[in-house]
Structures are given as structure tokens and as C-alpha cells.
Protein chains: 2
Amino acid sequence: MNDKPRITLSEVALAADVSPITVSRALRNPDKVSAEARARIDRAIRELGYVPNPAARALASGRTDVIGVVIPSVSNNVFADVMRGIYEGLEGSSLGVQLGTTRYSPMTEEQLIRVFLSQRPAGLIVAGHDQSPAARALLSAAACPVVQIMEVGPPPIDLAVGLSHYHGARAGVEHLLAQGYRAPAFLGAQMDPRSQRRLAGFRDGLAAAGQADDPVVTTPEPSSVSLGCRLFADLLARRPQTDAVLCNNDDLAIGVLFEAQRRNIRVGAELGICGFNDHEMMSAAEPALTSVATDRLSMGRQAVRMVRDRLTGGGAPRGHALDLGFRLMPRASTARGRV
Amino acid sequence: MNDKPRITLSEVALAADVSPITVSRALRNPDKVSAEARARIDRAIRELGYVPNPAARALASGRTDVIGVVIPSVSNNVFADVMRGIYEGLEGSSLGVQLGTTRYSPMTEEQLIRVFLSQRPAGLIVAGHDQSPAARALLSAAACPVVQIMEVGPPPIDLAVGLSHYHGARAGVEHLLAQGYRAPAFLGAQMDPRSQRRLAGFRDGLAAAGQADDPVVTTPEPSSVSLGCRLFADLLARRPQTDAVLCNNDDLAIGVLFEAQRRNIRVGAELGICGFNDHEMMSAAEPALTSVATDRLSMGRQAVRMVRDRLTGGGAPRGHALDLGFRLMPRASTARGRV
DNA sequence: CTGAAAGCGCTTACAG
DNA sequence: CTGAAAGCGCTTACAG
């Protein structure tokens, strides 16, 4: 591995016959440098293949061109979508991403926030509102914009973008009841704070409709299609009269669909299924599955936009929360009348 | 946003009554510092809440504690799994991840590699073997370990871990033929280099069995379940005698399953379906779907391990490629005899 | 529009 | 086992 000596800003300056400061300026505020100087500098940069050293820049300026992103997991397709939105939002900027995953542990999250903040990032994007008190204190005192994503409702530490999971789930259960299902149940995995809020929405929706029992099957295990099969089997064993399920997310809903098919239960007519997030596969399924649609992509995009707006001087004031809402997508899986 | 002045190494040194160098050493090689000094330093660090400045460290040492990861996309669940493996492999180290996505563009990939390399990362993990010539040149000259993931076969630039997509797909089509299907077809989306290799494996497998026609439907669009439905519909319109499909990946296979159900085609008996990767949902589906299993998680883990081993002095020699293999998982969707 | 000086917070050899 | 000196490659005020 050869360590070819890097080209530095001073060498560019020498080649362009200006001072290093002027090169630095040409890189950051090109319009504050004369056109002639700029031309010579650009040429020198190109010919020498100069690439700025971000560590030196960060040390000298006390800032970094990196947005820290702290999420529970990358292999959860909800966060995968959010990440894609973040990358899309970053396009055209020189900002990079430093990604950390908490595996749903507030301790790990706090540790990551501490480390990320110590690098003086350009901004921080963190999932949810349930940080540890110490983490919240760090974020409140942060010298950069902080965006809490996924959820709105609790007052943001700085900025927030997301939706109300409580109301999304409540809309789901209300839809099931409106379709004429009498004994809806809730299936949940992972049970992170957003899932808890969805469960609360489900319970309140049921209670408002005068339903007394509490038909809920949850597990802390990470969500999956096969888990959906298992949870549904458990549910039927414990509460055979169940005629509809609101699933914590779409994976579980697909699992319920498969398990119902295995048992020759007619989905729609005999069993209503509603998912959450409206993953692309929901509308492709047979029968098509009802879900509560969320816009993970724009969640990521908007989070980056909020950081970028702050960086360019403007941006929303501290305390601003952007509610992206949700949309119930009724499909054949909750069409009780039909068939 | 208050900019509270950071604690520096010198302040820790002052508090611990040693020189800054000793603090630095205690941080990097604790066993080269006396136990007493170490105790005082640890205490000072804790009490002052000192966090090292990575930019200063990077500038002074010419190195960074970050592994650059360059992949096509984060919202593809194959890469999501790989990323999780990478994070698992990182546990217990102080290394971070800088993630870049190429959106399947070799130009963007080259640009990312250039930028990442300019930051002198601890290592670089890049997807595939199809970098631009300029990118290959950069990687060959890199001062850090470079691991090409996803695939083995082409000689690695430095290190590689993956599997042969050609042989995986070939095993898939051979299985379909062995099960007695007469007219298998190939369905492909995205068609990145790995997909192309799978297609080649399919074609060679067919040809070896004496099949003359070339039943292939592909699209450059990103893969999805609904795309699987559409491609299968196209395929049936163009080649009604098709009695089995080898899908480029599991999303498409699930789409084929749903579309077959919609058309009352009996999966298994009338139509064989084989996916690729063996996503968790394949075994949960009804009927369970055959797939070629790949181990994305250990791909990520092993890639990190290779970097870490190099960093600690040892590690595999340049040119080493680790073949993780694949495993055909025969299930009901290709059980032609049954039903 | 341009530049000389100082400094960001560490680590690297080199001594002892 | 410990430390004094120099320097990594930039940017920040401050002048002019």
C-alpha cells in the first residue's frame, strides 16, 4: 500500500500563484475571489488532483460536513426507506452521512449521540422522542440543528418531522369497525415507542366503540413475516372469535395473510387485515391488503431539508414539528361485504 | 445553541498531572502507561467529560477511525442485511461507518470512492467488482484495506467476500429442471452486474439441458413485489407454455406467487417458482417458496472482520477471496409431483 | 479582492 | 515509563 504524498492547499496556491488563503476562499466563497484568480486556482486543482482534507478543515473551522444519523436498525425496511430519503435530500450538497444504529437500546443511543456530537456535526437526525434524559440534555445543548424523525406529538427538542402513530392506528381500527368487523385484535412485534403509541391508538379506538376486552398479542422480537404467521396462530388459539387484525406493520400483515390462506380462512369476508406503513407489496398481494400509508421517503428528505435550511441561515424555528400525516388505504382485505 | 468550550487533551493532562503525550498514550496504548498515571488520567477524563476530537486525531495521525462503505442503495433489503452485518462486525471496536450510495451509477461510485479515500479511511468496503477503470486504479493504490463484497469470481483488487451468483442461479434452474419442469423462464429486475451473472447462470443451465429458446423477461427498473406481478403477466402473454420461473430475487418471486394466485394457477403443480437470496418471508409464504439462500449478514460481518484483521497487523493477503457459497432451499413452490 | 500570522487538538518520532 | 518539540492542513479574524 503506497502512501503517495497528498497534494495540499499550499501546493495548489503555489501552482496558481496566489496565497493559500485565497485558495481556501475560492473553495468556500468562489464569488469573493476575482475571476482570474479563480480560473488559475481551478486549473491547478484539476491538474494536481487536489482533494481537501476534511480533518484539517474540521479542526480549523470547528465544524464538519457530516450529518449524524441515529436510527434503531438498518435492516428494518421502514428505516431503509427513511435512509433513502435522507440520501435523496443530500443530493447536490457536499454533506456526508455518519450512520449509527442503536438496536433499540437507549443506552447505545445515548452513547452514539455523545460520540456524534463530539465531532461537531453539521446536523443530527435521530429517530423518535424517547431518548434518555442524558441524551436529551446533550441534544438540547447541541450546537447544530437536531431533527427528531418518525413521529410528531411530543414537543421536539429542536425540530421534528413525522406523523402521529397513535392516530394512524386509531384510523386503522376505526376502519375495521366501520367495515363491520366485530372483534378486531392487535398484533405487534418489536414494540418500540412508536409501536406502543399505535397500540394505544388501537385500544382507544376499540374502547370508544364500546368494546370491552383487550385482544392484543405482542412480542419484543423483531418483526418479520413468519412472526406474523406465529402471532396470528397464537391469537386464534387464544381468541377464536377474532374476525379482524390490525397489525403493527406490514410484515406481520403479510404473515397473517399467509397463515389465513394456510387455514382456508377467507381474507376480507371472514377476516379483516390491516397493516401499517403501506409497503409496496401490500397493494400487490392477493387479496390486496389494507394499510395505513406513511411517507418514509419524504420523512428522510424533509429531515435533511430542515438541517440544510438551518445551515444556510434560515430554517424553521426551534420547536417546529412537521406533521406528514398518514393515509388509510382500504383494499380487499378489509372488504367484508364483498365476496 | 451554546458553544460550550470543549475539554481538550491538555486540560486532562493538567488535571491528571501528566503531560499531554501521556494522556494520548493512555488513550491508545493503556499498557504503556503506569497504572498510577492511568488511574489519574481515567479519573480526569471521567470528571471533565473529555471526548477526543477525531478531526485533530485524524489530522495528526493521517488516519481515520472510519470504514467507508459504498453500496448501490440502502432501500434494497439485500444491502440492508449486509449493513446490519457490517454494524454487527463493528461491535466492540471504536470504528465508525461512513456510508455512501451509488444508485447503481459507476460515475457516482467513482466519485464516492475518491472522496472517501481522500479522508484516509481505516478501510473501504465496496459492492461488487464492476468499478470504473479510474475507480479501480484508486482502489489499487489505496493505503487502506479494500474489501469487495457481494461476489466472488473476478480477481479481487485487494480482498473479497461473497458468492458466485452465476452458480447460484445455475443451481436454481437445474433444480427446476430436475423437478420435471419443461419450460422454465427467467424474471429479472434492476439487472445490476450480479443480476447479469445470475442470468448467465440461468442461460447456461438451460443450454446444458438442451433447451433452445431463451425465455427471459427483464427490466432495469428496481425490483419490487408489484413488478414481479407485472413481469410474470408479461411473460405469460409472451410465452404461455412457461411452467416455471427463476426469479432474480425474492421480491419478484413473491409477486409471481400473488399473480399466480390471482389467476388460479396452482403453484408447485402447474408453476414452479424459485427466488434468490431466501429472504425470511420465503419459508413463511403459502405455499412456501423455494429460493437460493445467501448469507448477507455474514457477508457484512466478514468484510469488517477482514478490515479489522488487517488493522491489527495480520489479516488475509492481498488477492484473498472468501467464498460464502449459497444453498438451494427446495420448498413446496417447486414440488411438481406433489399436490 | 488579497494575504501574513496564529491556532485548531491531537500524534509522531526522538530522547531520556 | 515519561515528556519537549514540531507539525498535520486547513480556517479565522484582522489588515490593507
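Everything numeric here is computed off the predicted structure, so don't read it as measured data. To find a chain, count down the sequence lines: A is the first, B the second, and so on, and within it residues start at 1.
Counting to the nearest Å, the P atom of dG9(D) and the CG atom of Leu48(A) are 14 Å from each other. In this structure, CZ of Arg63(B) is placed 14 Å from P of dG9(D), rounded to the nearest angstrom. Rounding to whole angstrom units, CG of residue Asn29(A) and C1' of dT2(C) are separated by 14 Å. Atom CD1 of Ile7(B) and atom P of dG9(C) are 11 Å apart (whole Å). Rounded to a whole Å, the CZ atom of Arg57(A) is 11 Å from the C1' atom of dG9(D). Across the protein-nucleic acid pair, Glu36(A) atom CD and dC1(C) atom C1' stand 10 Å apart, rounded to whole Å. Taking atom NZ on Lys32(B) and atom C1' on dT11(C), their separation rounds to 13 Å, with Å as the unit. What separates CD1 of Ile41(A) from P of dT2(C) is a distance of 8 Å, to the nearest Å.
Looking only at atom types and distance, the side chain of Asp295(B) has a donor-acceptor partner in the side chain of Ser298(B) under 3.5 Å away. Between the side chains of Thr102(A) and Ser105(A), no donor N or O sits under 3.5 Å from an acceptor N or O. Arg28(A) and Ser24(A) share a donor-acceptor pair across their side chains, judged by distance under 3.5 Å alone.
Ala55(B) comes within contact range of no nucleotide atom at all, as no heavy-atom separation falls under 4.0 Å. Using a 4.0 Å heavy-atom cutoff across all strands shown, Arg38(B) reaches no nucleic acid atom at all. Ala58(A) comes within contact range of no nucleotide atom at all, as no heavy-atom separation falls under 4.0 Å.
Applying the side-chain hydrogen bond (donor to acceptor under 3.5 Å, both in side chains) rule to pairs touching residues 47-65 of chain B yields Arg43(B)-Glu47(B), sequence neighbours excluded.
Contact annotation: Thr22(B) side-chain N/O to dG3(D) OP1/OP2 distance is under 4.0 Å. Neither OP1 nor OP2 of dC1(C) sits under 4.0 Å from any side-chain N or O of Ser34(A).
Looking at Arg6(B), its side chain does come within 3.5 Å of a backbone N or O of Ser118(A) through a donor-acceptor pair. In terms of modelled atom types and a separation under 3.5 Å, the side chain of Arg25(B) and the main chain of Val33(B) share no donor-acceptor contact.
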Which atom pairs link the protein and nucleotides 13-15 of chain C when you take only N or O atoms and keep those under 3.5 Å?
none

Table of protein N/O atoms under 3.5 Å from nucleotides 6-8 of chain C N/O atoms:
from: dC8(C); atom 1: O2; to: Ala60(A); atom 2: N; distance (Å): 3.3

Only distances under 3.5 Å count here; give the side-chain donor-acceptor pairs of residues 86-93 of chain B to other protein atoms, sequence neighbours excluded, each with its distance to 0.1 Å.
from: Tyr87(B); atom 1: OH; to: Leu99(A); atom 2: O; distance (Å): 3.0
from: Glu88(B); atom 1: OE1; to: Arg301(B); atom 2: NE; distance (Å): 2.9
from: Glu88(B); atom 1: OE1; to: Arg301(B); atom 2: NH2; distance (Å): 3.0
from: Glu88(B); atom 1: OE2; to: Arg84(B); atom 2: NH1; distance (Å): 3.4
from: Glu91(B); atom 1: OE2; to: Arg103(A); atom 2: NH1; distance (Å): 3.1
from: Ser93(B); atom 1: OG; to: Leu90(B); atom 2: O; distance (Å): 2.7
from: Ser93(B); atom 1: OG; to: Leu95(B); atom 2: N; distance (Å): 3.1

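A salt bridge between Arg310(B) and Asp158(B) is present, with a side-chain N of the basic residue lying under 4.0 Å from a carboxylate O of the acidic one. Using a 4.0 Å cut-off between a side-chain N of Lys or Arg and a carboxylate O of Asp or Glu, Asp42(A) and Arg46(A) do not qualify as a salt bridge.
Minimum atom distance to the side chain of Ser19(B) is reached by dG3(D), of the listed dT2(C), dG3(D), dT11(D).
Using a 4.5 Å heavy-atom cutoff, the side chains of Val82(A) and Ile149(A) are in contact.
By the salt bridge (Lys or Arg N to Asp or Glu O under 4.0 Å) test, Glu151(A) is found to be paired with Arg197(A), residues two or more places apart in sequence or in another chain being considered.
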Just do the side-chain contact (heavy atoms from CB on, under 4.5 Å) check on Val78(A) and Met150(A) with the steps written out, would you? CA-CA 10 Å; Val78(A) 169; Met150(A) 305 315 291; 3.6 Å; yes

Dot-bracket for DNA chain C, 5' to 3', counting Watson-Crick or G-U wobble pairs under 3.5 Å, with [ ] for crossing pairs and | for inter-strand pairs? |||.||||||||.|||

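Residue order along DNA chain D, read from the 5' end via each residue's closest nucleotide, puts Val33(B) first among Val33(B) and Arg28(A).
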